[in-house]
Amino acid sequence: MIDIKLLRNDPDIVRENIKKKFQDDKLPLVDKVIELDKEYRDSKTRAEYLRSQRNKISKQIGFFMAQGNKEEAEAAKAEVKAMQDELESLSSKEDTLAEEIRKIMLVIPNIIDPSVPVGKDDSENVEIEKFGEPFVPDFEIPYHVDIMEKLNGIDLDSARKTSGNGFYYLKGDIARLHSACLSYARDFMIDRGFTYYIPPYMIRSGVVDGVMSFAEMENMMYKIEGEDLYLIGTSEHSMIGKFIDAQLDESELPQTLTSYSPCFRKEVGAHGIEERGVYRIHQFEKQEMIVVCKPEDSKKWYDILWKNTVDYFRSLDIPVRTLECCSGDLADLKVKSCDVEAWSPRQKKYFEVGSCSNLGDAQARRLGIRIKGENGNYLAHTLNNTCVAPPRMLIAFLENNLNEDGSIRIPEPLRMYMGGKSVIEVPAK
RNA sequence: GGAGAAGUCGCCUAGCCUGGUCGAGGGCGCGCGACUGGAAAUCGCGUAAACCCCAAAAGGGUUUCGAGGGUUCGAAUCCCUCCUUCUCCGCCA
């Protein structure tokens, strides 16, 4: 959500930004909100005047009552009653307008960073940099489910029976590998100075409303029946939620946090949920990074964050690249974002394994995340990034560390989490 | 799950029964100043946020006493709902 003052003072900046994002249908909203804002402030000013009159007279009534001057008191009461109608209608008008304005402000996109490439949709996202050689071995790489099954590491049939499509049982060394990747990611981030968190896995509707749009909520969040609770779709939800209406001291910044959680997503209408495997699923686990910082530091943190993910994947011998989101593909709340994509030697292409976002002050404005400064308060900047999110990440891991006989190499950093193993062997039948 | 008690301005606390002089007293902390050679102590002053009006500054105003609603001319104070914390009982990894 952008600052309405920017829209009042420099509507052209906002219009230009909307055009860059190819959302021309939203252009009329700029004038619409300026008009509503004017109307809102007019009725607010009038209502505040009436309230101040009422307060003044009410004080007088108290004074008359104390004197026992009933007649004067009754006369004053009548005076207040006379303006009650106007005040009431103005108040409700004020509320209605404020609500309307907020609704529009929520869909007016955040001002994107000048460095963001202009493009219409995801086909125009821009590759920034490759890390590691995208290597294709001279033997055939099986589909990830087949790799896992050969290692006796997955049971999709049982999962369909107990929970339906989009769920899975991982077992044996594959399950252990899954946990190992997360444990390693946890320690990897702690070593880089982040504070480890285990957050609540369910949050109240009030928090859900704050951290996502209604459409997202409908398509993503599982609701607990009979409770005001939702299963989180990512730990960002609970981690950012904890800062709602916070006033942070400058000395507490930056907050550099890394959180682990299972993630639950309905994936309504999402492409690929019906596909067999663990690429798009209703339940996965994720080690996440969250940064709350001063405005001048957010660009720096953005680069630190995505590089962490690249370093993590490179330490596991997985080639990756960064793909920058172009203006048209960038979510409305974001200033800048990029995906970290892992190499798939089977498909001979990269696929998304993580996403790094700088939200500027937009999220903070919406949620009231403020910093107490020397000369008054100001809004914080917020960022988030995926460190690793298995089991999707296992697809890249298995394909890139597969030997021709079907066994899996365990890169050095992971071995201590795998009981010292350097290879996962194919079990004898 | 049951029974009680409580949530006030950075922290602690007064006010709630008996609604008006309470945006709110006191203490601590913090800031500035006086005193001092310097400091401690002491004394004095100050000490929230969001928003609106005003070209700006000065100034004025509205809202906020856990959250939301209600009663009233007027609510920290009365009523309802919810959230949170503490104590006791029960249950359970």
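Within every chain, numbering begins at 1; the chains are lettered A, B, ... in the order of the sequence lines, protein sequences first and strands thereafter.
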Readout for nucleotides 54-64 of chain B: B = base within 4.0 Å of protein heavy atom, S = sugar-phosphate only, - = neither; 5' to 3' it is -------BSS-
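Rounded to a whole angstrom, the distance from the P atom of B/G7 to that of B/U62 is 28 Å. Rounded to whole Å, the C1' atom of B/C45 lies 40 Å from the corresponding atom of B/A5. Only the P atoms considered, B/G37 is 44 Å distant from B/A50, to the nearest whole Å. Rounded to whole Å, the separation between the P atoms of B/C79 and B/A6 comes to 12 Å. A distance of about 33 Å separates the C1' atoms of B/G27 and B/C88, rounded to the whole Å. Distance noted for atom C1' between B/G25 and B/C65: 14 Å (whole Å). Here the separation of B/U47 from B/C52, taken at their C1' atoms, is 25 Å to the nearest Å. With both ends at atom P, the span from B/A3 to B/C82 equals 13 Å, rounded to whole Å.
A straight line from CD of A/E250 to P of B/G10 spans 18 Å, rounded to a whole angstrom. At whole-Å resolution of the value, CD1 in A/I371 and P in B/A50 are 13 Å apart. As a whole-Å value, the separation of A/D3 CG from B/A50 P is 13 Å. One can place CG of A/D228 at 16 Å from P of B/G68, the figure rounded to the nearest angstrom. Across the protein-nucleic acid pair, A/Q60 atom CD and B/U72 atom P stand 22 Å apart, rounded to whole Å. Separating the CD1 atom of A/I4 from the P atom of B/C51 is a distance of 11 Å, rounded to the nearest angstrom. In this entry the distance linking CG of A/L50 with C1' of B/C53 reads 14 Å, nearest Å. Between A/Y40 atom OH and B/C51 atom P the separation is 10 Å, expressed in whole Å.
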Close N/O contacts between protein and nucleotides 14-24 of chain B (under 3.5 Å):
from, atom 1, to, atom 2, distance (Å)
B/G20, N2, A/S58, O, 2.8

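Nucleic acid contact class of A/R8 (heavy atoms, under 4.0 Å, all strands): sugar-phosphate only. Residue contacts shown for A/Q84 are limited to sugar-phosphate atoms, with no base heavy atom under 4.0 Å away.
By the salt bridge (charged side-chain N to carboxylate O under 4.0 Å, His left out) test, A/K421 pairs with A/D173, sequence neighbours left out. Residues passing the side chain to side chain donor-acceptor pair (under 3.5 Å) test with A/S115, sequence neighbours excluded: A/D113, A/K336. Taking A/E250 as the reference, A/Y378 meet the side chain to side chain donor-acceptor pair (under 3.5 Å) condition, with sequence neighbours excluded. Residues forming a side chain to side chain donor-acceptor pair (under 3.5 Å) with A/E288 (at least two apart in sequence, or on another chain): A/K286. Under the salt bridge (charged side-chain N to carboxylate O under 4.0 Å, His left out) criterion, A/R46 pairs with A/E86, not counting sequence neighbours.
Looking at the side chain of A/K81, the nearest of the listed nucleotides B/C52, B/C73, B/A50 is B/C73.
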Side chains of residues 389-398 of chain A: which donor-acceptor pairs under 3.5 Å do they make with residues two or more places apart or in other chains?
from, atom 1, to, atom 2, distance (Å)
A/R392, NE, A/Y279, O, 3.0
A/R392, NH1, A/E352, O, 3.0
A/R392, NH2, A/Y279, O, 3.3

Pairs under 3.5 angstrom only: tabulate donor-acceptor contacts from the side chains of residues 98-109 of chain A to other protein residues two or more places apart or in another chain.
none

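A/R41 has a side-chain polar atom (N or O) that falls below the 4.0 Å cut-off from OP1 or OP2 of B/C53.
When the shell of 6.0 Å around NZ of A/K299 is examined, it contains 12 or fewer heavy atoms from other residues, nucleotides or ligands.
Ranked by how close their nearest RNA chain B nucleotide is to the 5' end, A/T45 and A/A76 are led by A/T45.
Side-chain atoms of A/Y260 and A/E285 include a donor-acceptor pair closer than 3.5 Å. Using modelled atom types and a 3.5 Å distance limit, the side chains of A/K242 and A/Y197 yield a donor-acceptor pair.
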